[in-house]
Protein chains: 2
Amino acid sequence: MHALSTFIDGLSGLSARGWELLQPALSELAYKKNDYLLKTGQVCDALFFISRGYCRAFYDKDGQEINTDFFFENEIATSINSFGQGVPSVFSIQACENLSVVRFDKRRLFEAAAQSTEIETLGRKCLQRIAAKQEKHAAMFKIMNATERYAYMTAHFPEILQRVSLTQLSSYLGLARETLSRIRAKR
Amino acid sequence: MHALSTFIDGLSGLSARGWELLQPALSELAYKKNDYLLKTGQVCDALFFISRGYCRAFYDKDGQEINTDFFFENEIATSINSFGQGVPSVFSIQACENLSVVRFDKRRLFEAAAQSTEIETLGRKCLQRIAAKQEKHAAMFKIMNATERYAYMTAHFPEILQRVSLTQLSSYLGLARETLSRIRAKR
DNA sequence: GTTATTTTGTGACATTCGTCACAGCCGGAT
DNA sequence: ATCCGGCTGTGACGAATGTCACAAAATAAC
């Protein structure tokens, strides 16, 4: 739980009472590599705080898997659309390594938030961070070409480069594996 | 203000007291076509609820303007990164038509939220909607090619097609104006 | 240590897309 | 009516990217 409390302190913090109210919503879970945290078609009823390992969100386009996101330690993995609107998720979330997570149960989280403004604020800040990540990521595709996108990733998210295979990374950057390989070959 | 109250009711609603607390944060403003709501480099200290007209967010890539977003009636326009983190915005927001907006002042909004959980909840729901929009939009670039992106827009956001010129739309879809013109020519 | 399996690199070629140039069209201003 | 500016379409051509095929390298499994 230590990683989680550091994460929460970085957002807006919680009083002792806030923590107490939050407890019923939390559970520590372990996933094995390739296990699913969420499958396409399911309604996402939880947030997953990643404490160790990493996972990916991917979309199945007639048999071909396209990665739409990666979640590393101290990030929240979820489908915003599914979680927020209560609709089936259009993508899956799968562990890429053995994974330790803290699961936030949606129903219990909302109950806790209803009793404590602190927790409501925490949820807002968390969403703010997710929205900001998506805003930047969406802009990347409009502003940059393939070479620039790769350079941007190496400059701003070197961790992803180190831990994710190029095969997995290519679809996240919106290009073919071979193209990414050739971009890297040019210096 | 009627459009705003309908919008808020659609999120989570507000009691009479909530409305009263929110008032000091709100101001009705009019922008003329081509006026700026936010300029690159400024810190965004407000949310803009669009009640009439529409505006665009665009990034300046060495002289060339690239549209990253459009905001129509009953949407919230802002830079999440700048507003949330208090950092200078990397893009501008500009009126594409004469515009009527309700401005939410950041400082006063936070004061109101501190006094009322309702308003805090409203902020969270609003962010949730923005995050969901970005999540879908970012996925579009990874999952679809140019032709599919255009077809997706016509199917899901016909309003944008009707009101935004193809010249403006092309950069939003991540392609050259001429390419969009040719995609349309093929049936 | 050896064998599978996965990952990465590379060549050949087709397709898509961007860039430049120019023409036609439309609407607003005078 | 005329002019002007912005928007859209189109041709020509080169650059970028995708696809298919296969080999080399790295990693995992036994």
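Bear in mind that the values here come from a model prediction, so they are computed numbers and not experimental data. So that the names make sense, note that chain A is the first sequence line, chain B the second, and so on, each numbered from 1.
The separation between A/Leu180 atom CG and D/dT19 atom P is 14 Å, rounded to whole Å. If you measure from atom CG of A/Asn145 to atom C1' of C/dC17, you get 12 Å, rounded to the nearest angstrom. One interatomic measurement links the two molecules: CZ of A/Arg182 to P of D/dA21, which rounds to 15 Å at whole-angstrom precision. Between B/Lys186 atom NZ and C/dT15 atom P there is a gap of 12 Å when expressed in whole angstrom units. D/dC7 atom P lies 16 Å from atom CZ of B/Arg163, rounded to whole Å. Between B/Arg149 atom CZ and C/dT16 atom P the separation is 14 Å, expressed in whole Å. In this structure, the CD1 atom of A/Ile183 is 8 Å from the P atom of D/dG18, given to the nearest Å. If you take CD of A/Glu148 and P of C/dG18, they are 13 Å apart, rounded to a whole angstrom.
Counting only heavy atoms from C-beta outward, the side chains of B/Ile76 and B/Phe7 approach each other to under 4.5 Å. Inter-residue side-chain proximity for A/Phe91 and A/Asp60 is flagged as unmet; no heavy-atom pair is nearer than 4.5 Å. Looking only at side-chain heavy atoms (C-beta outward), B/Arg56 and B/Val164 stay at 4.5 Å or farther from each other.
At a cut-off of 3.5 angstrom, counting only N and O atoms as typed in the model, there is a donor on one side and an acceptor on the other between the side-chain of B/Glu178 and the base of C/dC20.
Judged by distance alone, the side chains of B/Thr121 and A/Glu120 do bring a donor and an acceptor atom under 3.5 Å apart. Remark: the B/Glu118 side chain and the B/Ser15 side chain contain an N/O donor-acceptor pair separated by less than 3.5 Å. B/Ser51 and B/Ser100 share no donor-acceptor pair across their side chains, judged by distance under 3.5 Å alone.
A/Phe83 pairs in a side chain to side chain contact (heavy atoms under 4.5 Å, CB included) with only one of the listed residues (A/Leu38, A/Val43, A/Thr78, A/Asp45), which is A/Thr78.
Between its opening and closing five pairs, the helix from C/dG1-D/dC30 to C/dT30-D/dA1 changes axis direction by 50°, a value rounded to 10 degrees.
Phosphate proximity of D/dT17 to A/Thr179: absent, as no side-chain N or O sits under 4.0 Å from OP1 or OP2.
A donor-acceptor pair is defined here as one N or O able to donate and one able to accept, closer than 3.5 Å; such a pair exists between the side chain of A/Glu148 and the backbone of A/Asn145. Judged purely by atom type and a 3.5 angstrom limit, A/Ser82 has no side-chain atom pairing as donor or acceptor with the backbone of A/Pro88.
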Polar pairs (N or O, both sides) under 3.5 Å between protein and nucleotides 22-30 of chain C?
none

Nucleotide N/O of nucleotides 23-30 of chain D paired with protein N/O under 3.5 Å:
none

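Aromatic ring centroids of A/His137 and B/Phe141 lie 6.0 Å or more apart.
In this structure, the nucleotide among C/dG9, C/dT19, D/dG9 sitting nearest to the side chain of B/Ser181 is D/dG9. Across D/dC7, C/dG9, C/dC17, the shortest atom-to-atom separation from the side chain of B/Ala146 is found for C/dC17.
At a threshold of 4.5 Å between side-chain heavy atoms, the hydrophobic network of Ile, Leu, Val, Met, Phe, Trp and Tyr places A/Phe157 and A/Leu173 in one connected group.
Note that B/Arg103 lies outside the cation-pi zone of B/Tyr31, set by a 6.0 Å cut-off to the ring centre and a 45° limit from the axis.
A/Ser165 comes within contact range of the sugar-phosphate backbone alone, with a heavy-atom separation under 4.0 Å but no base atom that close.
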